[in-house]
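Notes to accompany the following structure.
What you see is a predicted model, and the numbers here were worked out from it, not measured in a lab. Every chain is numbered from 1, with letters handed out A, B, ... down the list of sequences.
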Amino acid sequence: MTATTAKEQSIASSIQLRAVTKAFGSVQVLKNIDLDVASGKVVVLIGASGSGKSTVLRIMSGLETADSGEVVVGDVPMHDPKRAPEIRGHVGMVFQQFNLFPHLNALGNVTLALRKSLKMSKAEAREVGLRCLERVGMQDRCANYPSQLSGGQQQRVAIARALAVNPRIMFFDEATSALDPELVGEVTSVMRSLAADGMTMVVVTHEMGFAHRTADRVVFMDDGVIAEQGSPEQVLKDPQHPRTQQFLARVLEA
Amino acid sequence: MLYQWRSVLEYLPDFLRAMGLTLWITLLAFALALVCGLGAALARNSKNAVLRLGAGAYVEIVRNTPVLLQIFVVFFALPSFGLRMDAVTAGTVAIGVNVGGYLCEVFRAGISSVARAQREAAQVLGLSSRQAFISVIAPQALRNVYPATVNNLIQVLLGTSLLTAIAVPELTGVATVINARTLLFVQVFAIALVLYLVLSNALSFASGLLGRVLFKPPLEQVRPGLWPVRRARTITTTAEVAA
């Protein structure tokens, strides 16, 4: 029984992208992307703005559909428009601008999907919600509205909200880019603890420190293609591709 | 001079009754306008082309023809098609349908004012688009358009004076009748004006209170200028927050 569950889990939280393309109007954002994320691994996508990192994430989370190619997330073939909606509620997404619901307090944000989508009772949702807020160290602020929280606190609530539905995979789309530098640490430490717990994560970030310490694999994207990928040690310390070298030189210099 | 006022004030009960009718028509017409406006806004955003077209036609016709003419159509022309209403009902319907057209556009603006990112966040969480609309989009949209909606309520109140044209005994109509009887137009219309001011400010005040209860975190005062004390308090709290 346990073995089957574990097996299901291992199938259900991996991601495969095969020959994925995507264009917005005349701009070809993704050109033939192949990417595998094994269950329980943390993959960090780096690259300049406009290189297609966020689009990859949005395709994997079902917010965009690929023009061609195969995308399998968990056991859902996302390239099949009939089945793609099945992924909703099974992955978590954390956005650069937090996207908390401003009319709900922290607990309300975390419990909304539990109540509406998972049909939990109020008491049950509250219990799960408080546990998720505790996980990100925000249980004391559960009654605060997003406008009453700092950026880092809002992002932690957003992570709790994503965790509440018990997702198999978490996507982070520049989760720390909108934060004041001194607030970045509180969010990355939550992300690291998730990784340590074995969550499958795909992270778009400019935090090279996070990539280096936490990633199992770093993927460098450039102009819609994956230019280079490998262990953080390889990609960040000994990049082979000239574009990767250029990019890292610029990022580390800043 | 004083006796003139005294002789007009003898009509105060008539004024107050008319004021009551004005308020009653305002509230009913506004309720109808809310229903029409919300229905039309949803229809105009719907996937169904017939609904979209129908709602579009409604809004365009209602907003591009005179209200007074619309009142005449409902009261004088509709009976030819077998739809007979008394003046109060006809006037209420005409004004409600008219303001509904304006509210439709207000609500639509409100819905599109909520960032697409909110919808996306709800979608990834597993909410259906209906659930996302009800629990995420609509509450924020309503909050964004609340001041504009209250403005339309005041427009309804002021618009009811047009019903004088179909002999509804509302405030303006009754004032003209009393004026004809006494010929004390300064006094008569001064009283009518004051009563309209009382009504509109009472409605704004009530809407402001409702807004405070309805929206969390609390909405700003809808018309802060009218309440100097409260305004001063708002300014000090803002200053405190800033400090």
Identify the two heavy atoms, one from [X] and one from [Y], that lie closest to each other, and give their separation to 0.1 Å.
X	Y	answer
A:A160	A:V110	O-CG1, 3.9 Å
B:M19	B:V198	CE-CG1, 3.9 Å
A:M60	A:F171	CB-CZ, 3.6 Å
B:F30	B:L103	CE1-CD1, 4.1 Å
A:V44	A:A215	CG2-CB, 3.5 Å

### Task
Could you tell me which portion of A:V91 (side chain, backbone, both or neither) has an atom closer than 4.5 angstrom to a non-hydrogen atom of chain B?
both
### Query
Is it the side chain or the backbone of A:L118 that comes within 4.5 Å of chain B heavy atoms, both, or neither?
neither
### Query
Heavy-atom distance under 4.5 Å to chain A: side chain of B:A122, backbone, both or neither?
both
### Message
Checking side chain to side chain contact (heavy atoms under 4.5 Å, CB included) between A:M170 and each of A:V202, A:V203, A:I159, which is the one that passes?
### Response
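The option that passes is A:I159.
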### Task
Have a look at A:L17 and tell me which of A:I33, A:V72, A:V37 forms a side chain to side chain contact (heavy atoms under 4.5 Å, CB included) with it.
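When A:I33, A:V72, A:V37 are each tested with A:L17, the side chain to side chain contact (heavy atoms under 4.5 Å, CB included) holds only for A:I33.
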### chain A neighbours within residues 40-50 of chain B, where any heavy atom lies under 4.5 Å away
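Counting heavy atoms that sit under 4.5 Å from chain A, no residue of residues 40-50 of chain B is involved.
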For chain B against chain A, print all donor and acceptor atom pairs separated by less than 3.5 Å.
from   : atom 1 : to     : atom 2 : distance (Å)
B:Q118 : NE2    : A:L100 : O      : 2.8
B:E120 : OE1    : A:R58  : NH1    : 3.0
B:E120 : OE2    : A:R58  : NH2    : 2.7
B:Q123 : NE2    : A:G62  : O      : 3.3
B:V124 : O      : A:G89  : N      : 3.0
B:G126 : O      : A:S117 : OG     : 3.3
B:Q131 : NE2    : A:K116 : O      : 2.9
B:S135 : O      : A:H103 : NE2    : 2.8

### Task
Begin from the C-alpha positions of A:L112 and B:V136 and carry the test side-chain contact (heavy atoms from CB on, under 4.5 Å) through to its verdict.
CA-CA 9 Å; A:L112 182 68; B:V136 175; 3.6 Å; yes
### Task
Just give me the residue among A:P102, A:A158, A:P146, A:G62 that pairs up with chain B most often, heavy atom to heavy atom, under 4.5 Å.
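Highest number of heavy-atom pairs under 4.5 Å: A:P102.
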### Side chains of B:T22 and B:Y196, donor plus acceptor under 3.5 Å
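No, no side-chain donor-acceptor contact under 3.5 Å.
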### Query
Between B:Q155 and B:V99, is there a donor-acceptor pair closer than 3.5 Å when you use the side chain of the first and the backbone of the second?
no
### Task
State the OG1-CG distance between B:T26 and B:L199, to the nearest 0.5 angstrom.
7.0 Å
